[in-house]
Structure formats: structure tokens, C-alpha cells
Number of protein chains: 2
Amino acid sequence: MDNKTKARYDAKAKIFKALAHPTRLFIVDELSREEKCVCELTEMIGADVSTVSKHLSILKSAGIVMDEKRGTQVYYSLKIQCVLNFLSCVESVMKASAKEQLELVI
Amino acid sequence: MDNKTKARYDAKAKIFKALAHPTRLFIVDELSREEKCVCELTEMIGADVSTVSKHLSILKSAGIVMDEKRGTQVYYSLKIQCVLNFLSCVESVMKASAKEQLELVI
DNA sequence: AATCTATTTTCTAATTTAGCCAAATAACCA
DNA sequence: TGGTTATTTGGCTAAATTAGAAAATAGATT
């Protein structure tokens with residue numbers, strides 16, 4: 001595999017890594033409804049603000065969300081809508097697995 | 001967040017984790033063309049067989065690929081085609097980021 | 001049965017990630 | 001200016017992930 005190809009796979013992997021955490025998936029779900037400030041998300045998630053802020057920065061640097069400062073607050077919103085489509089594909093993977101599990105039991 | 005909801009996010013995250021590695025993305029790409037045995041993939045990837053085998057088992061336990069033993073070889077193939085759609089969404093995330101980078105420079 | 005081949009599993013060391021606390025920044029307000 | 005609130009950053013520790021070497025397993029062949 002040449003360097004360029006390798007770099008492409010690394011870049012793709014970075015995006016998947018950004019989504020590969022339950023808290024970050026929750027954030028994406030919430031932001032798909034409407035923008036939220038860090039404080040609102042922190043409240044919902046129930047972790048330290050610094051932790052939530054770090055999750056957001058990972059999503060941002062992957063290009064999945066964007067932020068906008070208004071007064072003292074920073075609002076985050078979903079930047080790439082198609083992320084939602086692939087969440088629904090993931091659901092289908094989950095359903096397929098669950099069905100299989102079930103068939104093993106029956 | 002109740003336990004059930006949390007479990008759902010964990011399960012989704014598991015699927016993203018499975019895809020969050022350059023080698024595993026490469027494997028998915030290859031398998032989207034046609035099934036391959038572990039030895040063929042190992043040859044292409046150039047890592048230890050045990051490493052490749054482990055990557056495959058991660059993809060399998062996430063429900064993304066399936067395997068079939070034929071003689072001494074094990075053939076892996078893509079189980080969930082929609083994974084490919086979301087790879088194309090990821091590409092669009094990458095393009096958007098690249099475009100932005102470019103605009104910063106111009 | 002003994003051996004060979006392909007693959008998986010186990011073990012260990014190295015690297016990365018997650019989460020909290022404390023400190024630093026930034027924007028607003030008195 | 002000094003203080004307050006919201007957020008980010010740095011530092012630290014614990015947990016998770018990665019990779020390869022070696023050992024174990026399963027099926028095919030002699």
C-alpha cells in the first residue's frame with residue numbers, strides 16, 4: 001500500500017474514531033435535533049465539563065460538528081448531516097446481529 | 001440517561017470502534033469487492049497473520065463481516081452492504097474538511 | 001497416526017484514550 | 001478594573017487498544 005493510500009485510510013479511521021464513543025454518539029444525536037451549548041450537553045451527560053469539552057473537540061477536529069461562540073457560551077451544531085444516514089445503517093447492523101442471536105436461541 | 005439507552009449507545013459505539021482502524025477499513029474495502037481468505041488479506045496488508053486474524057475477529061463480532069471455512073482456509077466476506085454507503089459519507093466529511101483547509105490558505 | 005497448513009488464541013510490552021482536577025482563557029458585567 | 005461565568009487546556013492515572021511472538025487448534029494429506 002503506497003503512502004497516499006495509507007494516509008487516506010488513516011484519515012477515514014480518524015472520523016470513525018471520533019464517532020467510536022457512546023458519549024460522542026449521544027452528542028451527535030442531540031445535535032441532530034438542534035444546536036446546544038457545552039453547558040447544556042454537560043448537564044445532559046453528567047460528566048465533568050472538561051470531559052465533555054474534550055469530546056466536542058474530537059468531533060470538531062474530525063469535521064463532524066462546528067462551533068460558534070455567542071457571549072460566554074459556545075454553541076455546537078452538526079456540520080455533516082449524512083452522519084445521520086450512517087447511524088441508521090449502524091442500526092441495521094445491530095438489528096441483523098440481534099436477529100441472528102434470536103435465531104440461535106429459538 | 002437510562003440503562004437501556006446507555007446500552008444502545010455502547011452497542012453502536014462498538015460498531016464504530018470496529019471500523020475505527022485503517023487496516024480494518026482496508027479489509028472492508030477489499031471485501032466489498034469480493035471475499036478473501038485470511039492468507040490473501042495478510043499478504044496484502046503485510047502484518048503478522050495473528051494481527052490480521054484479530055482485526056477480522058473484531059469486524060466479525062461487530063456483525064460487519066462473516067466467515068466461512070473451506071478446507072484449511074477461512075474466507076471472509078462483507079455481511080452488511082450499507083457499510084459502504086457510510087464510507088461514502090465519510091469521504092464527503094473528508095472532502096468538506098479539505099475544502100475548508102484550502103479556503104484558509106487562499 | 002504423524003505431519004503439514006491455515007488460522008486462532010494467549011501472553012506481553014508499547015501506545016493511545018478517557019476522565020477528573022486544577023489552572024488558564026475569554027467574554028461579559030458591576 | 002475586578003469579578004463572574006463558560007469553556008478550554010495541561011497534567012495525571014487508570015483503562016483500553018495494538019502488534020507481534022509463541023503456543024494451541026482444526027482440517028487435510030501422506
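Chain identifiers are assigned alphabetically (A, B, ...) following the order of the sequence lines, protein sequences preceding nucleic acid strands; residue numbering begins at 1 within each chain. A quick note: this is a predicted structure, and the numbers were derived from the prediction, not measured.
A heavy-atom distance below 4.0 Å to DNA chain C is reached by these residues of residues 11-47 of chain B, ordered by number: Cys37(B), Val38(B), Cys39(B). Against DNA chain C, the stretch residues 52-65 of chain A makes heavy-atom approaches under 4.0 Å through Lys54(A), His55(A), Ile58(A). Listed by residue number, Lys69(B), Gly71(B), Thr72(B) are the residues of residues 68-77 of chain B with a heavy-atom contact under 4.0 Å to DNA chain D.
The end-to-end axis angle of the helix from dA1(C)-dT30(D) to dA30(C)-dT1(D), rounded to 10 degrees and based on five pairs per end, is 10°.
Of all heavy-atom pairs between Leu59(B) and Ile27(B), the closest is CD1-CG2, 3.8 Å. For the residue pair Ser92(A) and Ile80(B), the shortest heavy atom distance occurs at OG-CG2, 4.3 Å. Ile64(B) and Ala18(B) make their closest contact through CD1-CB, 3.9 Å (heavy atoms, listed as atom of the first residue, atom of the second, distance). Smallest separation of non-hydrogen atoms from Ser97(B) and Ala62(A): OG-O, 4.2 Å. Met94(B) and Ala11(A) make their closest contact through CE-CB, 3.6 Å (heavy atoms, listed as atom of the first residue, atom of the second, distance). Pairing each heavy atom of Thr42(A) with each of Asp48(A), the nearest pair is CG2-C, 4.4 Å.
First and last contacting nucleotides of DNA chain C toward chain A (any atom under 4.0 angstrom from a heavy atom, 5' to 3' order): dT17(C) to dC28(C). Where DNA chain D meets chain B (any atom under 4.0 Å from a heavy atom), the bounding nucleotides read 5' to 3' are dT17(D) to dA28(D).
By the 4.0 Å N-to-carboxylate-O rule, Lys14(B) lies too far from Asp10(B) to be salt-bridged with it. A salt bridge is absent between Glu43(A) and Lys36(A); no separation between the charged side-chain nitrogens and carboxylate oxygens falls under 4.0 Å.
Toward the 5' end of DNA chain C, the nearer of the two residues Thr51(A) and Asp48(B), judged by each one's closest nucleotide, is Asp48(B).
With sequence neighbours left out, the salt bridge (charged side-chain N to carboxylate O under 4.0 Å, His left out) criterion links Arg33(A) to Glu30(A). For Ala20(A), the side-chain contact (heavy atoms from CB on, under 4.5 Å) criterion is met by Phe16(B), Lys17(B), Ala20(B), not counting sequence neighbours. The salt bridge (charged side-chain N to carboxylate O under 4.0 Å, His left out) test applied to Lys60(B) returns Asp67(B), not counting sequence neighbours.
Within the structure, disulfide (SG to SG under 2.5 Å) contacts touching residues 51-80 of chain B (residues at least two apart or in different chains) do not occur. Applying the disulfide (SG to SG under 2.5 Å) test to pairs two or more places apart or on separate chains, those with a residue in residues 50-82 of chain A are Cys82(A)-Cys89(B). Residues in residues 28-62 of chain A take part in these ring-ring contact (aromatic ring centres under 6.0 Å, His included) pairs, two or more places apart or across chains: His21(A)-His55(A).
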Under the side-chain contact (heavy atoms from CB on, under 4.5 Å) criterion, do Tyr9(B) and Asp29(A) qualify, and how do the steps go?
CA-CA 10 Å; Tyr9(B) 280 113; Asp29(A) 259 5; 2.5 Å; yes

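Two residues are said to be in side-chain contact when any heavy atoms from C-beta on lie closer than 4.5 Å; Pro22(A) and Lys12(B) fail this criterion. With a 4.5 Å cut-off on side-chain heavy atoms, Glu40(B) and Gln73(B) do not count as touching.
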